[in-house]
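Quick notes on the structure that follows.
Numbering starts at 1 and runs along the sequence shown.
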Amino acid sequence: RVPEVLNARGRQIDLGALSVVAPDGTRSFLQVRDARVLKLLIAAAPQVVDRGDVLARVWSDDDTQPTARAVDNSIVRLRQALHDEDGEVIRSVRGIGYQWTAGGS
């Protein structure tokens, strides 16, 4: 089970409020689908989540035919919100998918 509120690298992630609060109090908001991707990664940690699994579980209600690129774009937005430019919080696993590595508290 994923907590509604957790901390990663000094940022408070509130999945219920779809927001990330930086140490200086600046709040950025997540798109609903991005928050679902984040929650999936956190729930699966420390396992790597395959892009196909992310598509199947997060985009399953979408009538369009999203590609793995949709997952990649979501990860880019999440990394921006988390200020994870170096990929230490959400790690890319080449050819497979993504992994949540920040732990949390």
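- No donor-acceptor distance shorter than 3.5 angstrom exists from the side chain of Asn7 to the backbone of Gly10, with no hydrogens or angles considered.
- Pairing each heavy atom of Gly16 with each of Glu4, the nearest pair is CA-OE2, 2.7 Å.
- Residue pairs that meet the salt bridge (Lys or Arg N to Asp or Glu O under 4.0 Å) test with at least one member in residues 86-100, sequence neighbours left out, are Arg9-Asp86.
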Would you give me the side-chain donor-acceptor pairs under 3.5 Å for residues 19-29, sequence neighbours excluded?
residue : atom : partner : partner atom : Å
Ser19   : OG   : Arg27   : NH1          : 2.8
Asp24   : OD1  : Thr26   : N            : 2.9
Asp24   : OD1  : Thr26   : OG1          : 2.7
Asp24   : OD2  : Thr26   : OG1          : 3.2

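- Residues satisfying the salt bridge (Lys or Arg N to Asp or Glu O under 4.0 Å) test with Arg11, not counting sequence neighbours, are none.
- Scanning for side-chain contact (heavy atoms from CB on, under 4.5 Å) contacts around Arg33 gives Val58, Trp59, Asp61, Asp62, with sequence neighbours left out.
- The OG1 atom of Thr101 sits 7.0 Å away from atom CG of Asp84, with the distance rounded to the nearest 0.5 Å.
- The shortest side-chain heavy-atom distance between Tyr98 and Asp72 falls under the 4.5 Å cut-off.
- Using a 4.5 Å heavy-atom threshold, the side chains of Leu38 and Ile90 count as touching.
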Output side-chain donor-acceptor pairs under 3.5 Å for residues 43-50, partner residues at least two apart or in another chain, one line each.
residue : atom : partner : partner atom : Å
Asp50   : OD1  : Gly52   : N            : 2.6
Asp50   : OD1  : Asp53   : N            : 3.4

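- Contact check for Val89 versus Arg79: no side-chain heavy atoms found under the 4.5 Å cut-off.
- Residues satisfying the side chain to side chain donor-acceptor pair (under 3.5 Å) test with Thr67, not counting sequence neighbours, are none.
- Contact annotation: the side chain of Ile75 never approaches that of Val54 to less than 4.5 Å [non-hydrogen atoms, C-beta and beyond].
- Pairing each heavy atom of Ser74 with each of Val37, the nearest pair is OG-CG2, 3.6 Å.
- Closest approach of Leu15 and Pro3 over heavy atoms only: CD1-O, 3.7 Å.
- Minimum interatomic distance between Ala56 and Ser60 (heavy atoms only, all atoms of both residues): O-CB, 2.9 Å.
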